[in-house]
Structures are given as C-alpha cells and as structure tokens.
Amino acid sequence: MPRGRRNAPCTAPRCKPSCGAKVLTSSPSVIIAGAGIGGLTAALALARNGFRVVVLEQTERLEETGAGIQLSPNATRVLNALGLGADLERHGVVPAGLRVLAATSGREILRMPLGERAAQRYGAPYWLIHRGDLQAALAAAAARMLHITVKLGMHADDFATHANGVTVSARGRAGVVDERGTAFIAADGLWSATRARIGYGEPPRFAGRTAWRALVPAKDVAPQWREPLIRLWLGRDAHLVHYPVKGGNLINVVAIMEDSWNAPGWSEPAARADLMRRFSPRHWTPQALSLIGAPEAWLKWALYDRRPLLSWSQGPIALLGDAAHPMLPYLAQGAAMAIEDAAVAAQCLARMPDDPTAALRAYSAMRRARAWKVQRLAARNGARYHLTGVRAVLRNAMMRALGGAWLLRHYDWLYDWRPPPALSLS
Ligand SMILES: Cc1cc2nc3c(=O)[nH]c(=O)nc-3n(C[C@H](O)[C@H](O)[C@H](O)COP(=O)(O)OP(=O)(O)OC[C@H]3O[C@@H](n4cnc5c(N)ncnc54)[C@H](O)[C@@H]3O)c2cc1C
C-alpha cells in the first residue's frame, strides 16, 4: 500500500453491511466506458478495492437486451466473490450437462457432465442465464455502492492523458462532460472506439456467419426441451444451441449458420420463414426443426472477431472484454473472459494505485495469452461444428470415443481459472 493511503472499511451511508468495500483514504478514481458485463464487473471489483468509479454508458437505459449467456465456473467464481451469487442463483439454471447431437440422425454424440460434477471439480457453479438478468444484477450491486456512479446516456467520445491521469469526454443530452480519473478502462464492446484511438484502427472481421436467437416460453415446447441441459446440434453448415434460462421459464434458442449478412448490432429483427428455409429436413431431424419452428419472433446478429492485439493498454488507458478480444461464441466464453479481465484489471490497479500505467500494463500482460488461446479455440470449434460429409462422420466418431468426461477434463485449464494468487476480490 503506498504511503498516505490506508484501507479503511466503507462507512458510506448508502452502503449495505455486505458491501465489503475498502476505501482508500484518498481514493483514486477510475473511469469506465460501457456498463455491459465487463464494465460493471470491473466497477464492482474496483470499488471493493477502494476506488471511486464513474461508469459512462451510451444507452439511456439498461434494458433487458440479449438472450442466453453461459457462465462457466471461471466466471461464476469471480461473480460469487463479488457477492452476486444469491441474486444470480435466483435467475440462473444449472445445466446437468452438455449434450452434443447429430442434426441429421438426432443421435447423441457425447454428453459432458456439468451440474454437481462441475461445481465439485471447480469449486464454482456453471450457470445458464439471460444476459439482461446478469446485467441487472451487476447494475443493482453497483447502485448499492456509494463509490460507483453509473451515468447513462453518456457516449465516451474522446480522452486526453496528462501528468496526473486521464480526462475522458463524454457526450450526453446536456452536451459534453469531462470526467477526470487516474485511469480509464474502455469496456465499450465489439465496436470499441477507444481501441481505434489507441492504435488498433482495423475493424472487427466478419466471420461469414450469423446467429439467430429467440426466447420461447417453456410451456410452449415439448417437455424434453425444458430439461436443464445445453443441447448442441451439429449440422451441415449450421448448428443449433438451446437451453433454459429465467429459472427454466424460457428456452433460449440460437441457430448459427453460414451467411453473408453482416450489419453491426445485436438485435436485427429476422423472419422465421427465412430461417426455416435454411434448415432443410434433409439435414435436420423433425425434433430439431420443431424447436426452430416454435418461436415466431427471431433476432439476429452477425458474428465478428478480431486479430489479437499486441497490447491492451496505453499509458493509464486499457481495453477490457470484447473491446480487447472480440471472440466467436463457439466456446461460450465472451462474457466469462470479460469477467476475468475485470477481476485482474481491478486487482492490478489495487496493487499499484499510484502507477496506473504499470498496473494496466501488468493487466494486459497477464491476460493476453489466455484470451488469445480462447479466441483461437473458439474459432477452431466453429470450423469443426460445421463440417460435412466424411469429415463430420470422423469428427463424431472421435468425439464419441473421447467421451464427455474426457471433454470436461480437457477444459480444466479454462474452467479452473482463478484470479492470480495474492490478488483477492473479497
Ligand atoms: C445489446 C447487447 C446484446 C447482447 N446479446 C448477447 C446474447 O444474446 N448472447 C451473447 O452471448 N452475447 C450477447 N452480447 C455480447 C456479450 O454481452 C458480450 O460479448 C460479453 O458479455 C462481453 O462483454 P463486454 O462488457 O466486453 O461488452 P458488452 O456487454 O457488449 O458491453 C459493452 C457496453 O458498452 C457500451 N458502449 C459502447 N460504446 C460506448 C461508448 N463509446 N461510450 C459508452 N458506452 C459505450 C454498450 O452500450 C454496452 O453497454 C450482447 C451485447 C450487447 C451490447
């Protein structure tokens, strides 16, 4: 702890006894762009480590946008440490396992155990959750902490560094406002403007695929689809993932296919008939087609990733989450990686509050290799999922031979991640 700074318990009148924050007597402040999953998690982790945090979010309201997100133990461990476990448990569903199925025959290729097995193996649960529930839980926790201010309707536009830190300019209804802090974290998502400003101007690259999503009331689907399982159907140039969310009341269905439509955005309305045309009964079992046919309303988004960045920080500025490492969804790790980033960034800043440049450089160095690996493996999974002909048959045979228990062990390096030793969140 640097001289002149002491850790004192939080005594803020608005804080609940469970807030757990330590406040540095002369708290440095951090500005975050983006109140998405990574930005809000970083705000909570920083506030717990004695920082004052201002979060600038461009949207006017944190609405329930998006659909299902998988939270593996590497992420839930962090969320639990931040005190969100009880809230998330209420909304989340614990999947008993992941079933991989062949789209043409409906035969099971593999079943990877999750549920109790994953919780025991990794010491943290696996949850299926609606992105909106996760964001709302994070936002509610942030609202309970006096040292976090979330400013909605503020688009972080520009920044300037100076001897004592950084000034971030944000545009809102009332004009441009400057926020001053010792560090600036850009958690502004896939299309991050800050990423370009720190020298990575190349835009995200389109992966040649789109994801279509829908939420179906559980009562409207066959009982088997309500089971707490993640089902992954591997088909010809397409795959389908579905699982329950919202405590089991809704089924999240995502169909991913080869496509040339590539507009930015998360929620473009899409026509069911268009989707059905792409899922031919020649290649998809009637059961899978019945599920795809159930929802009337679909939304779609184009899939992007990006070549890995050499560094995520520049002076007292750092990128976090999708801004730093946009990734394809085939390993279900986009949210988890943003949550891991948030924990490490906060802890690095807590260890070196007087030298945010060094702290954020350390954060970038600690995170890069892991995020690259996840980006790379996610892309590789995506290629495997859409194999056809003999190559698909060989893939299925190989997966059957290896089995689900092997697959879970194979992911130990991913799910058993913990914040580095000597760094703590609680
Ligand atoms: C609306 C939306 C819906 C999504 N739906 C799904 C889904 O259904 N399934 C899924 O797997 N993933 C979804 N995602 C992506 C997923 O949430 C992220 O990939 C993951 O959680 C990584 O989080 P992140 O914090 O890096 O970015 P995000 O969660 O994408 O958050 C980025 C935030 O930054 C804000 N922002 C952007 N630019 C600025 C700026 N200049 N100033 C201030 N704020 C800014 C955005 O409004 C957003 O709130 C969605 C993301 C969004 C934004």
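Only this structure's heavy atoms are used, side chains among them; waters, hydrogens and symmetry mates stay out. Sequential numbering from 1 along the given sequence is applied to the chain's residues. In each ligand, atom 1 is the first atom listed, and ligand 1 is the first ligand listed.
By the criterion of a heavy-atom distance under 4.0 Å, the backbone of A187, and not its side chain, is placed next to ligand 1. By the criterion of a heavy-atom distance under 4.0 Å, neither the backbone nor the side chain of M337 is placed next to ligand 1.
Of all non-hydrogen atoms in L128 and V245, the two that sit nearest each other are C-CG1, 4.3 Å. A318 approaches Y363 most closely through the heavy-atom pair CB-CE2, 3.9 Å. For the residue pair A335 and I69, the shortest heavy atom distance occurs at CB-CG2, 3.8 Å.
Nearest to atom 38 (N) of ligand 1 by heavy atom, out of L56, L62, D188, is D188. Taking only non-hydrogen atoms, the option from S267, P326, A42, A156 nearest to atom 41 (N) of ligand 1 is A156.
Remark: minimum distance from atom 24 (P) of ligand 1 to any protein heavy atom is reached at G38 N, 3.9 Å. Summary of contacts: the protein heavy atom closest to atom 34 (O) of ligand 1 is G34 CA, 3.3 Å. Taking atom 49 (O) of ligand 1 as the reference point, the nearest protein heavy-atom neighbour is E57 OE1, 2.7 Å. When only non-hydrogen protein atoms are considered, atom 23 (O) of ligand 1 lies nearest to A338 CB, 3.9 Å. At the top of the distance list for atom 9 (N) of ligand 1, counting protein heavy atoms only, stands G68 O, 3.4 Å. Protein heavy atom at the shortest distance from atom 26 (O) of ligand 1 is D322 N, 2.8 Å. Considering only non-hydrogen protein atoms, atom 5 (N) of ligand 1 sits nearest to G66 CA, 3.2 Å. Taking atom 31 (O) of ligand 1 as the reference point, the nearest protein heavy-atom neighbour is G36 CA, 3.4 Å.
For a threshold of 3.5 Å applied to N or O pairs, the pair formed by H155 and ligand 1 contains at least one separation below that value. Taking only nitrogen or oxygen atoms, main chain and side chain alike, R131 reaches within less than 3.5 Å of ligand 1. Any N or O atom pair closer than 3.5 Å counts here, and Q58 shares at least one such pair with ligand 1. In terms of polar-atom proximity, defined here as any N/O pair under 3.5 Å, Q135 makes no such contact with ligand 1. Taking any N or O of A67, backbone or side chain, at least one lies under 3.5 Å from an N or O belonging to ligand 1. Of the polar atoms of G321, none of the N or O atoms is found under 3.5 Å from an N or O of ligand 1, judged by distance alone.
No side-chain N or O of D188 forms a donor-acceptor pair with one of Q58 less than 3.5 Å apart.
Close approach of ligand 1 to M154 (heavy-atom distance below 4.0 Å) involves ligand atoms 42 (N), 43 (C). Heavy-atom proximity to T65, at under 4.0 Å, picks out these atoms of ligand 1: 1 (C). Of all atoms in ligand 1, listed by their number and element, those nearer than 4.0 Å to a heavy atom of G189 are 27 (O), 32 (C). Remark: ligand 1 atoms within the under-4.0 Å shell around heavy atoms of I69 are 10 (C), 11 (O), 17 (O).
By the 30° and 60° cut-offs, the orientation of the rings of F279 relative to W284 is tilted. Using a 30° and 60° split on the angle between ring planes, H242 and W225 fall in the perpendicular class, above 60°. The aromatic rings of Y122 and Y415 sit perpendicular, their planes meeting at an angle over 60°, well past the 30° parallel limit.
Look at D274 and R277 and you find a salt bridge, because one of the NZ, NE, NH1 or NH2 atoms lies within 4.0 Å of a carboxylate O, short of that distance. With respect to D237 and R278, no salt bridge is recorded, no charged nitrogen being found less than 4.0 Å from a carboxylate O.
To the nearest 0.5 Å, the span separating CE on M399 from CG on L234 amounts to 6.0 Å.
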Side-chain donor/acceptor pairs under 3.5 Å, residues 249-258, sequence neighbours excluded:
residue: N249; atom: ND2; partner: K246; partner atom: O; Å: 3.2
residue: N252; atom: OD1; partner: G68; partner atom: N; Å: 3.0
residue: N252; atom: ND2; partner: Y243; partner atom: OH; Å: 3.3
residue: E258; atom: OE2; partner: R209; partner atom: NE; Å: 3.2
residue: E258; atom: OE2; partner: R209; partner atom: NH2; Å: 3.3
residue: E258; atom: OE2; partner: H386; partner atom: ND1; Å: 2.6

Output side-chain donor-acceptor pairs under 3.5 Å for residues 285-298, partner residues at least two apart or in another chain, one line each.
residue: T285; atom: OG1; partner: A288; partner atom: N; Å: 3.2
residue: S290; atom: OG; partner: Q287; partner atom: O; Å: 2.7
residue: W298; atom: NE1; partner: P295; partner atom: O; Å: 3.3

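Judged by the 6.0 Å and 45° rule, R306 forms no cation-pi pair with W312.
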